[in-house]
Structures are given as C-alpha cells and as structure tokens.
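In what follows, a single structure is set out as structure tokens and then discussed.
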Amino acid sequence: MRLTILGGGGFRVPLVYGALLGDHAEGRITHVTLHDLDGDRLTAVARVLAEQAEGVPDAPAVTATTDLDEALRGADFVFSAIRVGGLEGRAADERVALAEGVLGQETVGAGGIAYGLRTVPVAVGIARRIAALAPDTWVINFTNPAGMVTEAMSRILGDRVVGICDSPVGLGRRVARVLGVDPDRVGIDYAGLNHLGWLRGLRVDGRDELPRLLADEALLGSFEEGRLFGTEWLRSLGAVPNEYLHYYYFNREAVASYRGAAKTRGAYLLEQQAGFYAEAAKPEVRALDAWHRTLADREATYMAHNREAAGAGDRAEEDLESGGYEKVALALMRAIARGERATLILNVRNGTALPGLDADAVVEVPCLVDADGARPLAADPLPDHAMGLVSAVKAVEREVLAAAESGARATAVKALALHPLVDSVGVARQLLDGYTAAHPGLAYLRP
C-alpha cells in the first residue's frame, strides 16, 4: 500500500510516520511519498523520518518530490496536509484581524475565512489532479479549515475524501479519563462542524456517564474544558463544547488576551518552526531530537491565550495528550484497506445524519467505516442555540466556497460580514482590504 502526504515537509508529518511504524499487519503502508513545494523542508522532515525508522526492519520506504503528479500516481491513500501561505500567512491573518478588533484564529472567524479563501482554490486544483491521475485513491484531509476544505474537495471527489481532526477524540478521551473509564471502551455522542461541536453523551456499557460528570463539581473542574469554560457554563449547556467554542462563548476575553500578547500564536509558531528547520539542517544535530523538543513546546503552549483569558493556568500534564490525528488517520486507513469496521468521528457529507443541514454539507459526527468508506451515523438534533450557530457558520463556509469559485470580491465580503464573530459590514470590507494587501494569493478576487 502506498501513501502520499501532501504538505510532506510539514512539522507534524513525523507523527503520521510514527503511527505507521507501529503497524505491522498485512495490508499496511509500505511506501510513503512526501510532496511539498519547499525542498529544504522536505529534506529536514525526511531526516527526521529516517531517524525514526532506525532499528525498524519493516519501516515504510520514504521518497520525496516537489512534483505533484509524480506524488499522486499509484497512491492508495493521499493525506492532504498543505498550508497555503505558510505560517507567514497565518501570522498575517491574525495581525489583520486583531487590528480591526476581531479574532484572527486560523480556523475560526476572520482568520479562518482568510485561510479558506487562500486554500480552497488550491485544494480544488489538487482534487482535480487526483480525479484525473488517481481516481480510485482515498483522500484524508488534514488541511484547515478542515470542514470547509473537505466540502470543497467532496464536490469533485465525492465520498472518497474524508476530513479528520483530533479535537473531538481528545475531548472524549479527557472526559473518559476523568470518569475513570477506558477511553477505548466508550461511545461518544458528538455532533457539529469541524471546530464547532459538542460532546453530548459518553456511553459505557450502554449507560450515559456524562450526567455523572456534570453533577460532580470537582470532576467537572478537573480537566481542560472544565477549567477553560467553567463548570457553571458546562452545566448550563448540558454538554461539553469543543475547545474552539471558547472563541465564541468568551470572544471579548479571547480577543483581549490575543491583543495583549507579545506575539500571536501564528507568529510564535513561525519563529519556533523556523528554529527547528534551521537546526534540523545541521549535519551534527540529531533531527529527531530537535523535533521532539519543538513538539513538546508546541503542545504545552496550545491555546495559551484562551487559558490566560479564562484564568485556567498552564496545561496540566494529563491534558497534553491530543486525540492523535495520526491515530485517527491510521484507524481510518485500516478500516478501508482491510475492511476492519471502526466507529470514528470524521468530517463527511451529511446525508441525513444531522437534522437541519442538507445532504452535501460536511459535518463532524461519528461514522461507521469499512471497506466502502465512511458513513455518518444518525445523530439526535442539536439544541436550538447550537443549531443556530452551526447554521450560521455553515452559511459562511458556503459563501467562502462561492467566492473561491467565482472570484467575486463582494461574495468574500459577504462571507466575512455574515460570520457571528465579525460585527460590521464595514469591518468586513476593511478586513478583506487588509487580507488582499497581505496575500498575493488573493489577487483572484475581483470587484
């Protein structure tokens, strides 16, 4: 089996390769092709992977290329993990938004829209090349904004593209651990969009354990989301929100914290990763050790501004483990390639799973996965407050897709103005002016 990773020079690629190294079953991935436009980053990541493979006799072979068509031919699976505009683009998205007093996070609010406007045309072009050169491949989309990009690619590739994110799995594992149950034994009732969902139940042996958590003040306040949102708010919701909903529920506090920071998250990661790639290029440095040090710092500082705004303090050691997007990806590939049935929370076309959204809307819900792909499981309706937010954000995503297809500047302004975290049409116009000035890749937008 052959796997191609688009964005193969990306910092998190060693996570995926590390997961592959632990898979020794028949039908496993035996060859990985890294594709990236940056040859220096490809070289650095290839060094890390070579060091990871030391002492593993059946480690997947690794090749690297800057030629997209070469990377796609013969692939059984394609992971799309591209970052259009790089971390420089993310940092610019944050600066432009904060200058207007609104959120610039890379998947939420104005920053997410800017990132989508840059990324969707590129992702659609990739989807077309896949359809032409490798129509039978399965595409696993990591690229943010994951739900929006998956929906754009699905218009060409249909159900052969599946989006993944580790946030819901990480949330489920943290709640299970607090309740003292094995995370691998629980059934998670989770529904929404990517970075906009709610954990509504956690079933163990047929019994929902979430009410026990919500009723226990000490337990509820003992994990990351409890500290981030506060126990009173979680009980009011009767659910545990995805961490990204902090940007909506505590928007003023989050924006104030971001504006008061010495560096935005994008600027911090830009500096941090530039240091890693420079260090990994030195022959005397063990690249894998440099990568591990950088990863540990990255995880410890994740959503630091939000925790500051909430007074939640530093991340607890037990909360540092993510859901493991690389583990989700590996489980997804195993289920498809080997017919091993699995239930995973994924970003897929809705069909009739989540009431209130149309069949083509990409949603983030539990799915049954086997050799035929991923099929969303029927979900109970979201409460009105959640459905209203989901509907509003899905409408914004659709405007971004329309702007990317038409190149109409007015549609891009509409996408920004309709977002719940952008409070003025005038601000939306100023945001787009700032983004088009900062990003040459948005030159396709015209009056």
CZ of R398: more than 12 outside heavy atoms within 6.0 angstrom?
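Atom CZ in R398 is packed in, count exceeds 12.
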Using a 6.0 Å cut-off, check whether atom CG of D384 has over 12 heavy atoms from anything other than its own residue.
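Check fails, neighbour count at 12 or below.
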Between [X] and [Y], does any side-chain donor sit less than 3.5 Å from a side-chain acceptor?
{"X": "E217", "Y": "T231", "result": "yes"}
{"X": "H35", "Y": "T65", "result": "no"}
{"X": "Y268", "Y": "D297", "result": "yes"}
{"X": "T150", "Y": "N141", "result": "yes"}

Less than 4.5 Å apart, any side-chain heavy atom of [X] and any of [Y]?
{"X": "V369", "Y": "I336", "value": "yes"}
{"X": "V32", "Y": "I5", "value": "yes"}
{"X": "Q105", "Y": "R265", "value": "no"}
{"X": "L210", "Y": "V240", "value": "yes"}
{"X": "L171", "Y": "P241", "value": "no"}
{"X": "I345", "Y": "I164", "value": "no"}
{"X": "L196", "Y": "N242", "value": "no"}
{"X": "V120", "Y": "M148", "value": "yes"}

Which heavy atom in [X] sits nearest to a heavy atom in [Y], and how many Å separate them?
{"X": "A176", "Y": "P183", "value": "CB-CA, 3.9 Å"}
{"X": "L214", "Y": "A239", "value": "CD1-N, 4.3 Å"}
{"X": "L98", "Y": "T264", "value": "CD1-CG2, 3.8 Å"}
{"X": "L49", "Y": "L34", "value": "CD2-CD1, 4.0 Å"}
{"X": "G8", "Y": "L42", "value": "C-CD2, 3.8 Å"}
{"X": "P355", "Y": "P381", "value": "CG-CG, 4.0 Å"}

Salt-bridge criterion met for [X] and [Y] (N-O under 4.0 Å):
{"X": "D76", "Y": "R2", "value": "no"}
{"X": "E151", "Y": "K394", "value": "yes"}
{"X": "R129", "Y": "D69", "value": "yes"}
{"X": "R174", "Y": "E225", "value": "yes"}
{"X": "K327", "Y": "D166", "value": "no"}
{"X": "D159", "Y": "R349", "value": "yes"}
{"X": "E106", "Y": "R83", "value": "yes"}

Give the intermediate values and the outcome of side chain to side chain contact (heavy atoms under 4.5 Å, CB included) for residues F223 and L228.
CA-CA 9 Å; F223 68 109; L228 187 63; over 6 Å; no
For the pair Y435 and H439, name the ring-plane relationship: parallel under 30°, tilted 30 to 60°, perpendicular over 60°.
parallel
Is there a donor-acceptor pair closer than 3.5 Å between any side-chain N or O of [X] and the backbone N or O of [Y]?
{"X": "N350", "Y": "T352", "result": "no"}
{"X": "S391", "Y": "G388", "result": "no"}
{"X": "T119", "Y": "V84", "result": "no"}
{"X": "Y190", "Y": "G172", "result": "no"}
{"X": "D36", "Y": "G9", "result": "yes"}
{"X": "Q273", "Y": "F276", "result": "no"}
{"X": "R118", "Y": "G85", "result": "no"}
{"X": "T294", "Y": "A290", "result": "yes"}
{"X": "T4", "Y": "A71", "result": "yes"}
{"X": "E94", "Y": "G266", "result": "yes"}

Apply side chain to side chain contact (heavy atoms under 4.5 Å, CB included) to the pair L237 and H385, showing each step before the final yes or no.
CA-CA 9 Å; L237 293 174; H385 69 85; 3.7 Å; yes
Rounded to the nearest 0.5 Å, how far does [atom2] of [Y] lie from [atom1] of [X]?
{"X": "L432", "Y": "L445", "atom1": "CG", "atom2": "CG", "answer": "6.0 Å"}
{"X": "R155", "Y": "D360", "atom1": "CZ", "atom2": "CG", "answer": "8.0 Å"}
{"X": "T107", "Y": "Y247", "atom1": "OG1", "atom2": "OH", "answer": "7.0 Å"}
{"X": "E405", "Y": "Y444", "atom1": "CD", "atom2": "OH", "answer": "11.0 Å"}
{"X": "L245", "Y": "W198", "atom1": "CG", "atom2": "CH2", "answer": "5.0 Å"}
{"X": "N144", "Y": "R90", "atom1": "CG", "atom2": "CZ", "answer": "8.5 Å"}

Run the side chain to side chain contact (heavy atoms under 4.5 Å, CB included) check on T33 and L3 step by step: do they pass?
CA-CA 6 Å; T33 299; L3 168 67; over 6 Å; no
In sequence, state the C-alpha distance, the side-chain angles, and the governing distance for Y249 and W233, and then conclude on ring pair (Phe, Tyr, Trp, His ring centres under 6.0 Å).
CA-CA 9 Å; Y249 293 146; W233 182 237; 5.2 Å; yes
Charged tip of R12 within 45° of Y325 ring normal and under 6.0 Å
yes
Evaluate the criterion side chain to side chain contact (heavy atoms under 4.5 Å, CB included) for residue pair Y248 and V393; output intermediate values, then yes/no.
CA-CA 11 Å; Y248 292 88; V393 173; 3.7 Å; yes
